Amino acid sequence: MDQVKVRRALLSVSDKTGLVELGRVLAAQGVDLVSTGGTAKALRDAGLDVRDISDLTGFPEMMDGRVKTLHPKVHGGLLAVRDNPEHVTAMEEHGIGTIDLVVVNLYPFAQTVAKGAERDEIIENIDIGGPSMVRSAAKNHAHVAIVTDPSDYAELIGELEGNGGATSLAFRKRLAAKAYAATSAYDSAIAGWFAHVDQGERFPDRVAVPMVKQSELRYGENPHQIAALYTQADGGVNGIAQARQLQGKELSYNNYNDADAALELVSEFRDGPPTVVIVKHANPCGVASANTLIDAYQAAFACDTVSAFGGIIAVNRPLDGPTAEAISGIFTEVVVAPDADEAARAVFARKKNLRLLLTGDLPDPARRGRVMKSIAGGFLIQSRDNGMITSDDLKVVTERVPSEQELADCLFAWTVAKHVKSNAIVYAKGGATAGIGAGQMNRLESARIAAWKAKDAAEKAGWAEPRTHGSAVASDAFFPFADGLMAAVEAGATAVIQPGGSIRDDEVIAAANKAGLAMVFTGMRHFRH
């Protein structure tokens, strides 16, 4: 049965967007409208004839609306196989009429949770009748069309007008698939709230992550891979996925990944001075804080002028014209900012391929949450690395105590190192990175690479010496041997920040004392794989 004429429609929606317009089209097609509660009122207020669900079932809505559509005359009308003689006979015997179209969207459970409602209100916003009708109609999509999203009303109207008031099987199949995805996401949100919020379980026995597709991407990490962008259906933090793109071609998979890394790092400084982060392949290649954004950009760029080409830039302040002019001096893939003034927008408008993303408020780096990684045959889930360190948390373990400036540089380098792939070594001086060593198989090599990059940067800039001279060095995990520490000494570092906890801590501390270093332990590591 390809074409099904819509003679009776059941409408019950919490989101009334487009409801009246759809109701008018259905009425013009001569469709018998049956509805519930507030939906019926909205249709009547628009001057449309509509029957209450109680007229169909013979029972009143009861128990504060909890029981209204859970009735054989509703579900019989939805589930009956029209060309099955036994089903037809049962319908005739019990006075059940067919329902050809169901328009339902569910109680706003996620929105109720998001607004901080009390438990009783949250429970009342768990829809029972709605998902039941959706599932019944979707199962019987051979005969029934089920619409769960107001964005599909236009296509539904087009179907009816193009098919003489009927729906096609292909259309009903698409709607059924979308309907089951909707109820799955809805139940997942409820299960997640019960587990994590109501029962306080960190890792429940079963986990479902409801997601909504935002867009399909040109390709994945490589051109032979396919990719799409999804966001959490139950809301959450605003980030790169929610940023407003002002210009430039669509973002790629790698653009999203790198822009997210840049935003996460710059958000660490959201309450600090003007800060600029430059990222390449998800690793920072330059970070700096200064009195102005343009000064911060110039200091961050100087750390690694080669890697910055084709990189991602994130700032923690609204972009101004002078900073935009400086950024536009080299090819940049994406710029991420809370906002941008008219001068900055005008500058970037001349760079048609540059994507400008405005995020509004930056995410809270201390927020809670979970991250998930796929492995062969399963997933790893862990809490976000939201660990924060202040000067009060540090333990001085050397004979020499760090100066105030060394301590500030230690904390700056430590913050950056948290966002560098392990093994991570970061040199910093005066609120700017001097050299970054990322992703090496041993810490010694990361320390050497970071020092080499600092030396190269000094040669390119014409400085008398690398900025590692007199710098602080951060290690994302403990030094297992003194050799990595000595590489930092050779680079000119005078202060060290590291987690501590190695069986050779005494050996490393002794080496630091012999070199005249000041060293502090954090008691916390920041591996990033």
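Small disclaimer: the values here were computed from a predicted structure and weren't measured.
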* Asked: Which salt bridge (charged side-chain N to carboxylate O under 4.0 Å, His left out) pairs, counting each pair once, include a residue from residues 305-328, with sequence neighbours left out?
  -> Glu325-Arg350
For the residue pair [X] and [Y], establish whether any side-chain heavy-atom pair is separated by less than 4.5 Å.
{"X": "Pro499", "Y": "His526", "value": "no"}
{"X": "Tyr297", "Y": "Ile278", "value": "yes"}
{"X": "Asp393", "Y": "Thr522", "value": "no"}
{"X": "Asn105", "Y": "Thr148", "value": "no"}
{"X": "Val212", "Y": "Gln214", "value": "yes"}
{"X": "Trp193", "Y": "Ile123", "value": "yes"}
{"X": "Tyr219", "Y": "Gln225", "value": "no"}
{"X": "Val197", "Y": "Val113", "value": "no"}

* To do: Determine, stepwise, if the pair Phe521 / Ile509 fulfils side chain to side chain contact (heavy atoms under 4.5 Å, CB included).
  => CA-CA 10 Å; Phe521 282 2; Ile509 292 170; 4.1 Å; yes
Residue pair [X] / [Y]: nearest heavy atoms and the distance that separates them:
{"X": "Ala243", "Y": "Thr359", "answer": "CB-CG2, 4.0 Å"}
{"X": "Arg202", "Y": "Arg370", "answer": "O-NH2, 3.0 Å"}
{"X": "Ala495", "Y": "Cys410", "answer": "CB-SG, 3.9 Å"}
{"X": "Ala488", "Y": "Val473", "answer": "CB-CG1, 3.9 Å"}
{"X": "Ala179", "Y": "Ala138", "answer": "CB-CB, 4.1 Å"}
{"X": "Gly311", "Y": "Lys280", "answer": "CA-CD, 3.9 Å"}

Heavy atoms of other groups near [X] [atom1], more than 12 under 6.0 Å:
{"X": "Lys455", "atom1": "NZ", "result": "no"}
{"X": "Phe194", "atom1": "CZ", "result": "yes"}
{"X": "Arg345", "atom1": "CZ", "result": "yes"}
{"X": "Asn222", "atom1": "CG", "result": "yes"}
{"X": "Glu121", "atom1": "CD", "result": "yes"}
{"X": "His469", "atom1": "NE2", "result": "yes"}
{"X": "Ile226", "atom1": "CD1", "result": "no"}
{"X": "Glu459", "atom1": "CD", "result": "yes"}

* Steps toward side chain to side chain contact (heavy atoms under 4.5 Å, CB included) verdict (Thr494, Arg400) -> CA-CA 10 Å; Thr494 60; Arg400 189 169 77 78; 3.9 Å; yes
* To do: Answer yes or no: is there an ion pair linking Asp476 with Arg443, defined by an N-O contact shorter than 4.0 Å?
  => yes
* To do: State plainly whether the residues Arg528 and Glu264 are in salt-bridge range, i.e. N to O under 4.0 Å.
  => no
Hey, is the main chain of [Y] close enough, under 3.5 Å, to the side chain of [X] for a donor-acceptor pair?
{"X": "Arg467", "Y": "Ala428", "answer": "no"}
{"X": "Asp409", "Y": "Ala472", "answer": "no"}
{"X": "Asp505", "Y": "Gly501", "answer": "yes"}
{"X": "Asp304", "Y": "Gly286", "answer": "no"}
{"X": "Ser184", "Y": "Tyr180", "answer": "no"}
{"X": "Asp15", "Y": "Thr17", "answer": "yes"}
{"X": "Ser267", "Y": "Asp364", "answer": "no"}
{"X": "Thr275", "Y": "Ser289", "answer": "no"}
{"X": "Arg355", "Y": "Lys249", "answer": "yes"}
{"X": "Ser471", "Y": "Tyr427", "answer": "no"}

* Any chance you could lay out the side chain to side chain contact (heavy atoms under 4.5 Å, CB included) test for Leu517 and Thr398, step after step, and finish with the verdict? => CA-CA 7 Å; Leu517 294 176; Thr398 49; 5.5 Å; no
Supply the atom-to-atom distance [X] [atom1] to [Y] [atom2], rounded to the nearest 0.5 angstrom.
{"X": "Leu407", "Y": "Gln405", "atom1": "CG", "atom2": "CD", "answer": "9.5 Å"}
{"X": "Thr332", "Y": "Phe301", "atom1": "OG1", "atom2": "CZ", "answer": "8.5 Å"}
{"X": "Leu411", "Y": "Ser391", "atom1": "CG", "atom2": "OG", "answer": "6.5 Å"}
{"X": "Ser252", "Y": "Asp258", "atom1": "OG", "atom2": "CG", "answer": "8.0 Å"}

* To do: Evaluate the criterion side chain to side chain contact (heavy atoms under 4.5 Å, CB included) for residue pair Leu356 and Leu319; output intermediate values, then yes/no.
  => CA-CA 10 Å; Leu356 176 58; Leu319 267 173; 4.1 Å; yes
* Structure fact -> Phe331 meets the ring pair (Phe, Tyr, Trp, His ring centres under 6.0 Å) criterion, sequence neighbours left out, with Phe309
* Asked: Relative to each other, are the rings of Phe269 and Phe412 parallel, tilted or perpendicular (30° and 60° limits)?
  -> tilted
* Going by the angle between their ring planes, with limits at 30° and 60°, are Tyr186 and Phe109 parallel, tilted or perpendicular? -> perpendicular
